[in-house]
Amino acid sequence: MRDLVIVGAGGFARETASAALAGGRRVLGFVDDNPDLHGTVRSGLPVLGPVDSVIGLDADVVVCVGNPRNYTVRQQIVERLGLDPARYATVLHPSVSIGAGSTVGEGTVLLAGTVLTADVTVGAHVAVMPHVVLTHDDLVGSYATVASGVRLGGGAILETGAYVGSGALIREGVTVGAWALVGMGSVVLHDVPPGEIWAGSPARFLRNASVPERQSS
């Protein structure tokens, strides 16, 4: 197992470092484009330099950036770095439960208490926060973000880059479209079209998402 460098130095990056350390991986530190952070220490680990400096390091990489105001940035950084996919680590907290037939892509992070019950497919560079439950036959597309406490019913689909806020419930068989955003605590009973923001119980359309056009595959 190679050493790990984490892209970003925010909250999710530090949570990922904690998960990796708990799993026995050595973490060299963070890289971040904020020059004020260079040379500082975050959660006991150094900020080594700008994001692009990771290209020349002999280490695995995981990209841990993004928030509801800019949830396309993870894909943007992966494309900018242009690294071989084999360089991207998959970080699983030791408490994660992965059921039979389930797969997890490169660069994906599953934080503490996440459960994949059976035949769940999680793509590449997905961010899954603590205590998420993905049930049978769920499909989570690459670059999706699944915040803490989210529950997906069987056969639900989160397409590329979808963002699901904390505590949201997604009904079985429902699809959340590419780069759509579901607000925290929402109960989603119907398909959410790509690039839209839905919230409430039951969730309803609020407005179009203010995100640049991204790849959908």
Side-chain angles (χ1 to χ4, degrees), residues 7-16 32-34 62-80 104-105 107-111 113-116 120-135 137-217:
V7 176
F12 177 48
R14 287 176 277 130
E15 290 169 339
T16 298
D32 195 284
D33 281 338
N34 182 352
V62 64
V63 179
C64 297
V65 295
N67 58 61
R69 294 173 299 282
N70 185 2
Y71 53 96
T72 68
V73 67
R74 195 155 61 251
Q75 187 187 54
Q76 293 168 8
I77 288 178
V78 169
E79 292 173 350
R80 169 179 141 193
V104 180
T108 287
V109 177
L110 307 182
L111 292 181
T114 295
V115 175
L116 281 59
V120 176
T121 301
V122 180
H125 306 289
V126 175
V128 180
M129 308 304 174
H131 301 291
V132 166
V133 177
L134 306 176
T135 56
D137 304 302
D138 287 340
L139 173 61
V140 180
S142 296
Y143 302 104
T145 300
V146 188
S148 59
V150 168
R151 305 288 191 267
L152 268 62
I157 298 172
L158 305 182
E159 293 184 343
T160 301
Y163 190 109
V164 181
S166 299
L169 304 176
I170 311 295
R171 185 178 183 175
E172 65 273 9
V174 163
T175 295
V176 177
W179 306 106
L181 185 150
V182 172
M184 61 188 299
S186 296
V187 177
V188 181
L189 303 179
H190 304 286
D191 290 351
V192 176
E196 294 187 359
I197 297 175
W198 284 42
S201 180
R204 295 181 174 85
F205 171 76
L206 293 182
R207 61 184 182 276
N208 291 321
S210 298
V211 295
E213 185 175 346
R214 306 302 305 155
Q215 295 180 7
S216 59
S217 61

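- Minimum interatomic distance between N208 and I197 (heavy atoms only, all atoms of both residues): O-CD1, 4.2 Å.
- D191 is linked by a salt bridge (Lys or Arg N to Asp or Glu O under 4.0 Å) to nothing, counting only residues two or more places apart in sequence or in another chain.
- Of all the heavy atoms in A162 and V176, the pair that sits closest is CB-CG1, 4.0 Å.
- Of all the heavy atoms in R74 and V63, the pair that sits closest is CD-O, 3.3 Å.
- A donor-acceptor contact shorter than 3.5 Å links the side chain of S186 to the backbone of G200.
- For the pair V65/F12, no side-chain contact is recorded, criterion being any heavy-atom separation below 4.5 Å from C-beta on.
- Between atom CD of residue E172 and atom CG of residue L189 there is a gap of 9.5 Å, rounded to the nearest 0.5 Å.
- Residues Y163 and P68 meet the side-chain proximity criterion, which asks for heavy atoms closer than 4.5 Å.
- R151 places a side-chain N or O within donor-acceptor distance of the main-chain N or O of G149, the cut-off being under 3.5 Å.
- The OG atom of S148 sits 9.5 Å away from atom CG of L111, with the distance rounded to the nearest 0.5 Å.
- Rounded to the nearest 0.5 Å, atoms CD (Q75) and OG1 (T160) are 7.5 Å apart.
- Remark: side-chain polar atoms of E159 are paired, donor with acceptor, to backbone N or O of A178 under 3.5 angstrom.
- By the 4.5 Å heavy-atom criterion applied to side chains, Y71 and Y143 are not counted as neighbours.
- Considering all non-hydrogen atoms of both residues, A13 and G8 come closest at CB-O, 3.3 Å.
- To the nearest 0.5 Å, atom NE2 of residue H125 and atom OG of residue S142 are 7.0 Å apart.
- V109 and C64 get closest at one heavy-atom pair: CG2-SG, 4.2 Å.
- Remark: H190 NE2 to R204 CZ distance equals 8.5 Å, nearest 0.5 Å.
- Using modelled atom types and a 3.5 Å distance limit, the side chains of T72 and N70 yield a donor-acceptor pair.
- When the options L158, V188, I157 are evaluated for a side chain to side chain contact (heavy atoms under 4.5 Å, CB included) with V174, the one that passes is V188.
- Side-chain N or O atoms of T135 include one that pairs as donor or acceptor with a backbone N or O of L152 at under 3.5 Å.
- A distance-only check finds a donor-acceptor pair linking the side chain of T108 to the backbone of G123 [under 3.5 Å].
- Residues L116 and L110 form a side-chain contact, since some pair of their non-hydrogen atoms from C-beta on lies under 4.5 Å apart.
- Of the possible donor and acceptor atoms, none in the side chain of R171 sits under 3.5 Å from a partner among the backbone N and O of V187.
- The nearest pair of heavy atoms linking V192 to A180 is CG1-CB, 3.8 Å.
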